[in-house]
Amino acid sequence: MTAAADRVFTNGTVRTLTGAPAGAVAVRGGGVVRVGQASEIEFLVGIETDVVDLDGRVLLPGFVDAHTHLPLVGRYARHADLRDAADPECCIARLADAAGAHEEWILGFGYDESTWDGQYLSRDELDAVSDERPVAAFREDLHVASLNGVALDRLTLPAGDVRTDDGGSTGVVVEDAVTAVSDAVEPDRAGTRDRLLAGQECALERGVTGVHDMVARPAVARAYRDLDRAGDLDLRVRLNYQHDLLDGVETAGLATNHGGERVRMGAIKAFADGSFGGRTARLDDPYADAEGSDANGDATGQWDTAPDDLRAFAERVDGEFQAAVHAIGDAAISAVLDAFEDRDATARHRVEHAELLTDDAIERLADSGLVVSAQPNFLKWARAGGLYESRLGPERARTCDRFRDLLDAGVDLAFGSDCMPLGPLFGIQQAVTAPTEGQRLSVTEAVRAYTRGGARAGFDEGRLGTVEAGKRADFTVLDTSPWDVTDEAIADIDVAMTVVDGDVVYDER
């Protein structure tokens with residue numbers, strides 16, 4: 001006799017991503033036991049079965065954000081949120097409003113100067129927020145930050161990463177100096193837990209059932225495991241440790257894919273270069289706006305890890321760990337390929353971002369077996385007059401984020417957000433409305449990259465990424481199907497429900 005299901009989701013459209021749509025799905029013990037039409041599932045409904053009426057909504061595999069920083073998402077909820085600030089004055093007002101919520105540092109996160117006049121927030125502007133307390137405003141890419149005079153005086157920062165003009169420090173810092181600022185403002189154990197809970201709430205509201213978090217501090221990994229033990233972790237987490245934690249990871253005896261149902265170890269993350277926003281992504285040719293007033297340093301960007309050191313890193317981790325290497329500029333991507341393309345293909349080493357892609361790089365990526373972990377939401381900078389065009393010029397801007405070309409070449413593609421912003425539907429909308437053919441995907445392809453792609457990048461295709469018997473019951477339920485609206489409207493679809501292991505962990509009702 002067949003046991004009854006614990007929960008049945010019915011009266012909707014089930015997009016399995018393996019074949020034709022179904023009408024219902026049955027769950028037992030946190031896993032999918034049957035998918036089919038409602039009439040084919042009815043026999044699994046018992047006295048104690050919870051029947052969830054989808055009321056015509058669409059059920060998808062749960063979204064997997066393959067590159068995120070959940071503590072940062074929590075920061076937006078606890079400090080000044082600068083992500084949609086229209087100008088510096090708006091940033092200053094929000095920072096001033098947030099000053100009363102904390103006793104010492106006044107912090108803001110997420111500003112994007114490319115949406116106003118192209119100038120970073122300055123020391124003088126942040127001095128207007130306070131000339132007694134330290135103030136720091138982080139650009140959304142976390143490769144640039146702006147400080148007031150008190151913060152500059154308090155911190156010891158690497159001089160090469162502090163931008164200057166004829167009057168001295170502009171208050172703008174990049175790369176290692178940003179890391180030093182971040183270290184200075186990190187919360188204690190309770191604060192870290194609080195940020196993760198706030199970030200988790202945001203992720204679940206957006207239909208995210210799993211994240212690959214880029215972990216810069218051991219305290220974050222510990223907080224995740226504490227939440228898991230306490231039963232307070234409602235999504236799946238893959239911990240990708242930054243390379244400066246590698247010695248500790250090895251000493252602890254950890255390895256890629258170690259862990260349990262909710263928390264597992266992922267990759268070791270390294271940085272080849274910086275960002276376009278900070279003009280620190282490493283290019284073969286100079287930045288189009290390299291002569292700008294805030295463009296100190298090399299006109300082709302800078303290395304975070306030099307090519308020889310990348311090769312040494314590859315040799316150290318290959319065969320022991322999955323690697324995930326941040327590479328944005330074309331020179332940086334080539335250096336990563338040089339270091340990794342002949343390594344163990346079963347390790348599923350990853351290139352994070354891979355924004356400025358040449359034809360040769362795409363061909364080499366296809367041959368290498370490397371996974372491209374990309375952010376479709378970055379296409380917001382690919383529009384006419386956007387950040388890519390100002391930094392790179394129109395011709396090179398068209399060769400960024402070439403998702404269509406990557407898929408056509410046979411490259412494994414996983415989508416994440418990098419928190420800019422966290423939101424799969426926004427990313428999917430950007431991918432299907434991309435300005436050039438080489439960037440543009442169909443709705444199905446974009447959804448797969450945010451589900452099946454993320455699952456495979458995390459060695460999880462056996463339990464996640466599709467809706468089928470034998471897999472975990474991780475679902476995203478949308479009010480409206482992204483296949484049934486205009487492409488431009490996809491980002492406006494509401495998430496009705498988020499389900500992890502068959503449990504409804506978010507319900508908009």
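All values below were derived from every heavy atom in this structure, side-chain atoms included, with hydrogens, water molecules and symmetry-related copies excluded. None of the values given here were measured: they were computed from a predicted structure.
- By the 4.0 Å N-to-carboxylate-O rule, R391 lies too far from E355 to be salt-bridged with it.
- Side-chain contact of Q322 with H349: a donor-acceptor pair under 3.5 Å is absent, judged by distance alone.
- Judged by distance alone, the side chains of D309 and W303 never bring a donor and an acceptor atom under 3.5 Å apart.
- Side chains of H243 and R316: a donor-acceptor N/O pair is absent below 3.5 angstrom, by distance only.
- Residue pairs meeting the salt bridge (charged side-chain N to carboxylate O under 4.0 Å, His left out) criterion with at least one member in residues 321-340, sequence neighbours excluded, are D338-R364.
- Between F475 and F9, the ring planes lie perpendicular to each other; the angle is over 60°, past the 30° to 60° tilted range.
- For F313, the ring-ring contact (aromatic ring centres under 6.0 Å, His included) criterion is met by no residue, not counting sequence neighbours.
- The two atoms that bring A397 and Q439 nearest to each other are O-NE2, 3.9 Å, heavy atoms only.
- Remark: S275 engages D141 in a side-chain hydrogen bond (donor to acceptor under 3.5 Å, both in side chains) (not counting sequence neighbours).
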Run the numbers on T346 and D344 for side chain to side chain donor-acceptor pair (under 3.5 Å), then give the verdict.
CA-CA 5 Å; T346 65; D344 180 6; 2.6 Å; yes
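- Residues that satisfy the side-chain hydrogen bond (donor to acceptor under 3.5 Å, both in side chains) test with Y111, not counting sequence neighbours, are S146.
- T18 pairs by the side-chain hydrogen bond (donor to acceptor under 3.5 Å, both in side chains) definition with T16, not counting sequence neighbours.
- Looking at R217 and T192, their side chains do bring a donor and an acceptor atom within 3.5 Å of each other.
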Donor-acceptor pairs under 3.5 angstrom involving side-chain atoms of residues 407-421: please list them, not counting sequence neighbours.
residue : atom : partner : partner atom : Å
D408    : OD1  : R404    : NE           : 3.2
D408    : OD1  : R404    : NH2          : 3.2
D408    : OD2  : R404    : NE           : 3.2
D412    : OD2  : R456    : NH1          : 2.8
S417    : OG   : D65     : OD2          : 2.6
S417    : OG   : C419    : N            : 3.0
D418    : OD1  : H67     : NE2          : 3.2
D418    : OD1  : H69     : NE2          : 2.9

